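Treat the numbers as computed from the prediction; the structure is a model and nothing was measured.
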Amino acid sequence: MTNRHTPPNTAVTAVADAGAPASPDDLLARLHAHLLEDARAWLDRALAEAAAPTTGSTPVWETRLAEAGRRCGRGLADAARVFILHAAAADADVLTRVYRQGTADERRAVLHALPHLVPGPDALPLVEDALRTNDTRLLAAAVGPYAARHLEPHAWRHAVLKCLFTGVPVDEVADLAGRAHGDVELARMLDDYAAERTAADRPVPPDLYRVLALTASSAPPEAGDDPHGKKSEES
């Protein structure tokens, strides 16, 4: 199997086991094992269609994204959609079209697929759009590895606060410890948010204190890394 079929792990939670990271072939095999025979056959056809040369204005594989929930079941549809997007080797332009035209489920699959399909920040508008919603499943997908890699500090801090405000567990925020380490501005924002909640006689999310502790962590980042997880350009 080629890298075009490699899905982000966040999209295959339902088929990935604990322990060592699985190979793409293993992940697809696990997905197959969870599907009924008709669903397996459907997914194999969809992957073949996605890998084939594109014909027509709307590739047939794009229609398969909408079918995934009905064919594979809601719990496995995310993983199926991500495999299809990878089989199609969808670039930023294609992913943007799918996202803009898609349902919330299809948009979530696009966000899960970004880290392996878009090497640069070209797809950041999709992440920023998702972060403006109050759909917690979409928000959880938006704060994955792609956002950790490319979202600017100011926007990333507000994404963390959005998770706290909407109840998205901060465990969903990729590279939280690396980006929060030593972030004095994030600590200030968290303190302000906690004070506002307390003044309004509202509970402070327990996750807030977890993130606040990370900003004051005594463990230094790895050599060559800055507080936001980006490699230093200095030799």
Side-chain angles (χ1 to χ4, degrees), residues 7-19 21 75 78-79 82 99 104-105 107-116 118 121 123-222 225-231:
N9 288 341
T10 50
V12 290
T13 301
V15 297
D17 298 329
D78 269 5
V82 172
Y99 181 94
D105 289 340
R107 291 182 174 195
R108 189 171 59 252
V110 168
L111 294 169
H112 282 313
L114 290 180
H116 293 273
V118 184
L124 270 179
L126 306 185
V127 172
E128 292 163 351
D129 179 83
L131 290 173
R132 287 192 289 268
T133 75
N134 288 317
D135 182 328
T136 54
R137 298 182 73 198
L138 205 58
L139 289 171
V143 292
Y146 189 81
R149 194 178 303 157
H150 297 295
L151 206 58
E152 291 299 319
H154 180 74
W156 183 83
R157 294 179 189 119
H158 280 278
V160 173
L161 286 177
K162 184 71 174 279
C163 288
L164 294 171
F165 180 76
T166 58
V168 173
V170 295
D171 287 337
E172 300 288 349
V173 181
D175 193 26
L176 176 63
R179 291 206 60 163
H181 175 82
D183 193 330
V184 177
E185 178 61 16
L186 177 59
R188 182 195 66 77
M189 293 169 68
L190 293 169
D191 281 333
D192 288 349
Y193 181 58
E196 291 172 6
R197 300 285 294 184
T198 301
D201 198 25
R202 295 179 178 177
V204 177
D207 272 355
L208 184 145
Y209 297 110
R210 288 182 55 200
V211 181
L212 191 58
L214 290 173
T215 67
S217 174
S218 59
E222 294 182 6
D225 289 354
D226 72 11
H228 305 302
K230 299 179 180 179
K231 296 291 183 183

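- Once rounded to the nearest 0.5 Å, the distance linking CG of L208 with CZ of F165 reads 13.5 Å.
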Hey, mind stepping through D105 and R137 against side-chain contact (heavy atoms from CB on, under 4.5 Å) and telling me if it holds?
CA-CA 9 Å; D105 289 340; R137 298 182 73 198; 4.1 Å; yes
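- Summarising the geometry, atom NE2 belonging to H154 is positioned 3.5 Å from atom NE2 belonging to H158; distances are rounded to the nearest 0.5 Å.
- Looking at V143 and L131, their side chains come closer than 4.5 Å, going by heavy atoms from C-beta outward.
- Contact between A104 and D135 at its shortest, heavy atoms only, is CB-OD2, 3.7 Å.
- Of the inter-residue distances, the one linking L126 atom CG with L114 atom CG reads 6.0 Å to the nearest 0.5 angstrom.
- Looking at heavy atoms from C-beta onward, L151 lies in side-chain contact with R179 at the 4.5 angstrom threshold.
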Might you work through the side-chain contact (heavy atoms from CB on, under 4.5 Å) test for V184 and T215, ending with a clear yes or no?
CA-CA 7 Å; V184 177; T215 67; over 6 Å; no
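- The CG atom of L214 sits 15.0 Å away from the OH atom of Y209 when rounded to the nearest 0.5 Å.
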Take R202 and E196 through the test side-chain contact (heavy atoms from CB on, under 4.5 Å) and record every step on the way to the result.
CA-CA 8 Å; R202 295 179 178 177; E196 291 172 6; over 6 Å; no
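- Contact between V168 and T136 at its shortest, heavy atoms only, is CG2-O, 3.7 Å.
- Of all the heavy atoms in P125 and P121, the pair that sits closest is CD-O, 4.4 Å.
- In terms of heavy atoms, A109 sits closest to V82 at O-CG2, 3.7 Å.
- When every heavy atom of V204 is checked against every heavy atom of A194, the shortest pair comes out as CG2-O, 3.8 Å.
- R108 places no side-chain N or O within donor-acceptor distance of the main-chain N or O of D78, the cut-off being under 3.5 Å.
- For the pair R188 and D191, the salt-bridge criterion is not met [side-chain N within less than 4.0 Å of a carboxylate O].
- Formation of a donor-acceptor pair under 3.5 Å by the D207 side chain with backbone atoms of V170 is found in this model.
- Contact detail for A148 and A174: the closest heavy-atom pair is CB-O, 3.4 Å.
- Residues L190 and R157 form no side-chain contact, since every pair of their non-hydrogen atoms from C-beta on lies 4.5 Å or further apart.
- Taking R107 as the reference, Y99, D129, L138 meet the side chain to side chain contact (heavy atoms under 4.5 Å, CB included) condition, with sequence neighbours excluded.
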Could you go through the side-chain contact (heavy atoms from CB on, under 4.5 Å) check for Y193 and R197 one step at a time?
CA-CA 6 Å; Y193 181 58; R197 300 285 294 184; 3.7 Å; yes
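- The closest side-chain heavy-atom distance from R210 to D171 is below 4.5 Å.
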